[in-house]
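These notes are about the structure you will find just below.
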Protein chains: 2
Amino acid sequence: MKPKKLTINEIAEMARVSKGTVSKILNNKPGISQDTRRRVMDIVGHLDYFPNSAAQALAYQRTNNIGLVIPHEAGISLAGSYWSALITAIAQTAAGQNYNLMLLTPHIEGDLEQVYDSVLRSHKVDGLIIGAELVDKRSLSRIVLADLPLVMVGQNSEFHHYFVDINNHRAAYQMTEHMIECGKRHPAFISGPLEYQYNRERVQGFTDALAAKGISGATGAVEAYDTHQIQGEVLRLLRDNPGIDSLFIGAGGEFMLDVIDQLRRNHINFTHFGLAVFDDYPYLNFLNPRLTAVHQPIHEMGVAATTMLMKLIQNQSLDHPSEIIETHIVVRGSCGEPTT
Amino acid sequence: MKPKKLTINEIAEMARVSKGTVSKILNNKPGISQDTRRRVMDIVGHLDYFPNSAAQALAYQRTNNIGLVIPHEAGISLAGSYWSALITAIAQTAAGQNYNLMLLTPHIEGDLEQVYDSVLRSHKVDGLIIGAELVDKRSLSRIVLADLPLVMVGQNSEFHHYFVDINNHRAAYQMTEHMIECGKRHPAFISGPLEYQYNRERVQGFTDALAAKGISGATGAVEAYDTHQIQGEVLRLLRDNPGIDSLFIGAGGEFMLDVIDQLRRNHINFTHFGLAVFDDYPYLNFLNPRLTAVHQPIHEMGVAATTMLMKLIQNQSLDHPSEIIETHIVVRGSCGEPTT
DNA sequence: CTGAAAGCGCTTACAG
DNA sequence: CTGAAAGCGCTTACAG
């Protein structure tokens with residue numbers, strides 16, 4: 001014998017008013033006497049009544065949910081903390097506006113299209129946040145065509161749309177300057193796959209900074225985030241450029257760890273050989289060497305993306321169709337200290 | 001000029017049948033002619049129609065959503081990768097059964113009660129997964145009373161209910177045996193706050209293993225996960241027990257890092273001093289010393305919890321009201337190698 | 001095999 | 001200030 005379910009009808013009955021009146025009171029509409037308002041609110045409070053959200057969604061034509069698409073491997077990869085930070089930032093910000101976060105992930109790897117499709121057509125969410133690297137042009141345009149508000153985290157070179165991002169070029173540029181200020185004179189850069197726009201920008205930032213200082217450097221890029229490939233490329237860089245005195249690792253996570261692992265195998269002496277990395281993690285404080293890193297404010301990115309999406313959903317005008325969040329460098333010594 | 005919205009009415013109209021018929025076809029009900037079935041499915045396929053989920057939720061009285069409560073600090077703490085792994089495991093498993101995962105988090109820290117309450121009463125989800133340490137007895141009983149299926153990850157000593165967990169006692173016991181097999185003869189254990197059941201069980205596992213081998217050890221526990229407290233307790237352990245030759249760190253994340261940090265400050269020589277830790281992380285491969293750790297299969301726990309919840313939601317009988325997932329030890333050498 | 005109608009729990013003009 | 005009624009987009013007995 002379960003307790004009878006509590007709907008607006010029960011409240012109306014108990015308060016001896018129509019359910020329309022109860023609805024108006026709950027939604028703070030004007031034109032209700034103080035007396036009945038109090039009477040109804042009293043009952044609502046005591047019974048701890050909340051309106052059924054499916055019914056509200058149907059009536060209002062909005063769900064008060066937003067969706068975040070996460071990749072299949074977020075759980076097992078080292079990038080887990082990245083996703084975790086993004087997710088909680090989004091969920092919290094959304095919660096502040098009475099929105100809930102729905103996680104969208106394919107059951108089997110890949111196959112994101114189907115996820116978009118069903119969620120989009122079934123109106124499960126009022127808007128979507130997607131990592132730019134997680135979508136192809138086709139899926140994106142379908143979403144936009146379906147008139148579903150969308151904000152990307154990062155940029156997609158194939159598809160321009162609302163986004164939140166960092167300035168990859170500038171961040172790489174600054175870090176390269178830092179390396180030079182630390183006395184490095186022949187730095188190298190190892191990049192992730194150049195198919196990703198952010199990697200191309202980071203390489204460019206590196207080479208531009210070198211050019212500005214009239215310093216020559218070496219660059220290398222892998223074709224895929226794959227341990228074997230990565231370590232092979234590190235080896236090539238070391239062999240082909242025996243004079244390099246430092247390495248700027250263009251991405252964090254396992255990419256970084258694979259690189260460092262390979263450097264160790266080659267008995268690189270980190271006391272002299274400088275190291276810098278793009279992407280900061282709490283555990284870097286405990287790694288040896290203590291890596292100087294570009295810090296991406298992930299939490300702020302999540303907040304910014306969510307705020308932006310909320311405005312789009314509510315048809316508010318956006319000051320800017322995109323937002324660039326500032327990065328900063330966390331100096332830990334792996335590249336020495338600036339001598340200037 | 002947005003495209004007119006697509007509902008079951010439009011489909012019915014185009015196929016020249018009633019919407020009831022369309023509904024039956026979409027839900028694979030019997031008693032429909034092959035002919036109209038094909039005709040309708042054709043249109044549905046071409047127009048890429050999906051039923052509105054709010055309407056379905058209202059009619060079916062279920063949402064096809066499950067909720068996961070995550071703590072406020074999941075995003076910024078080192079435990080981020082733990083949550084990330086749990087979240088993706090749950091989301092994927094749920095997706096396989098056509099369920100979506102909704103993330104529940106308070107807007108401001110603490111204040112979980114309100115989160116439960118609104119979500120629960122507004123029928124946003126059909127079931128809930130909660131970390132055992134994240135709830136007080138009162139909230140839990142309200143959920144259960146409201147008849148909302150619930151599975152906990154971990155156990156709550158104040159409230160017995162469906163749960164998925166590891167065997168903390170056995171895991172600690174095994175690791176302690178490993179330490180002894182590695183030749184350690186005076187090990188110490190440092191535990192997180194004893195108010196948490198899992199910490200009490202781990203301490204017990206440690207002392208039981210020692211007792212079985214007739215070996216004496218030292219134990220210490222902090223009262224809160226706080227850097228200062230933790231490092232103070234490490235110091236106390238070292239001072240009060242000058243003879244200890246190894247330390248079993250009872251929890252991972254920043255707790256572990258704080259402990260190691262303190263050991264380093266005290267110039268502990270990790271070549272001789274053994275180290276073991278409860279909780280495994282990908283980055284442990286890159287820490288110095290390379291920590292031997294108890295590995296919790298987080299992904300499997302997420303899968304198990306979700307599977308269990310699904311059964312509860314569908315009123316299927318459970319073989320067991322709880323599930324214990326096996327842990328294993330990842331030997332990395334910080335404690336030496338077994339000599340037996 | 002097919003359709004008309006009631007119902008799921010809300011909101012919102014509209015009439016009084 | 002209040003209520004009756006229609007509508008949101010589905011499903012499901014029920015009648016034919």
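Chain letters run A, B, ... following the sequence lines, proteins first, then strands; residues in each count from 1.
When the C1' atom of D:dT11 is taken as reference, atom CG of B:Asn64 falls 14 Å away, rounded to whole Å. The CD1-P distance, from B:Ile8 to D:dG7, rounds to 18 Å in whole Å. Straight-line distance from the NZ atom of B:Lys19 to the C1' atom of C:dC1: 20 Å, rounded to whole Å. For the pair A:Ile25 CD1 and C:dT12 C1', the computed distance is 15 Å after rounding to whole Å. In this entry the distance linking CG of B:Asp35 with P of C:dT2 reads 8 Å, nearest Å. When rounded to the nearest whole Å, the span between CG of A:Asn9 and C1' of D:dA4 equals 13 Å. B:Gln34 has its CD atom 12 Å from the C1' atom of C:dC1, to the nearest Å. One interatomic measurement links the two molecules: CG of B:Asp126 to C1' of C:dC8, which rounds to 15 Å at whole-angstrom precision.
Contacts of A:Lys29 with the nucleic acid, taken as non-hydrogen atoms under 4.0 Å apart, involve only primed sugar atoms and P, OP1 or OP2. Nucleic acid contact for A:Ser53: none, since no nucleic acid atom lies under 4.0 Å from a heavy atom of the residue.
Closest-nucleotide positions on DNA chain C for B:Gln61 and B:Ser33 were compared, and the one nearer the 5' end corresponds to B:Ser33. Checking A:Arg37 against A:Leu58, the closest nucleotide of DNA chain D that is more toward the 5' end is the one next to A:Arg37. Nearer to the 5' terminus of DNA chain C, by closest-nucleotide assignment, is the contact made by B:Ala55 (compared with the other of B:Ala55 and A:Ser23).
For the OP1/OP2 pair of D:dC10 and a distance below 4.0 Å, the side-chain nitrogens and oxygens of B:Tyr49 include at least one atom meeting the criterion. An OP1 or OP2 oxygen of C:dT11 is reached within less than 4.0 angstrom by a side-chain nitrogen or oxygen of A:Gln56. Remark: B:Asn27 is in phosphate contact with D:dT11, judged by side-chain N or O atoms under 4.0 Å from OP1 or OP2.
Between B:Asp48 and A:Arg142, at least one side-chain nitrogen of the basic residue sits less than 4.0 Å from a carboxylate oxygen of the acidic one, meeting the salt-bridge criterion.
Scanning atom types as modelled, one donor and one acceptor separated by under 3.5 angstrom connect the side chain of A:Lys24 and the base of D:dG3.
Without hydrogens or angle criteria, A:Glu323 side chain to A:Val164 main chain gives no donor-acceptor distance under 3.5 Å.
Residues A:Asp42 and A:Arg39 have side chains not in contact (no heavy-atom distance under 4.5 Å, counting atoms from C-beta outward). In this structure the side chain of B:Tyr116 reaches within 4.5 angstrom of the side chain of B:Ile143, judged on heavy atoms.
Scanning DNA chain D for stems, defined as runs of 3 or more consecutive Watson-Crick or G-U wobble pairs whose donor-acceptor distances all fall under 3.5 Å, gives the following ranges: C:1-3 with D:14-16, C:5-12 with D:5-12, C:14-16 with D:1-3.
Picking from C:dG3, C:dC10, D:dG9 the nucleotide with the shortest atom distance to the side chain of B:Lys5 gives D:dG9. The listed nucleotides are D:dG9, C:dG9, D:dG3; the one nearest the side chain of A:Ser18 is D:dG3. The side chain of A:Thr36 lies closest to D:dT2, out of C:dT2, D:dT2, D:dT11.
Counting only N and O atoms by type, the side chains of A:Glu10 and A:Thr7 include a donor and acceptor under 3.5 Å apart. Looking at A:Ser81 and A:Ser84, their side chains never bring a donor and an acceptor atom within 3.5 Å of each other.
The environment of OH in A:Tyr162 is sparse: at most 12 heavy-atom neighbours from other residues, nucleotides or ligands sit within 6.0 Å.
Relative orientation of the A:Tyr196 and A:Tyr198 rings is parallel, given thresholds of 30° and 60° on the angle between their planes.
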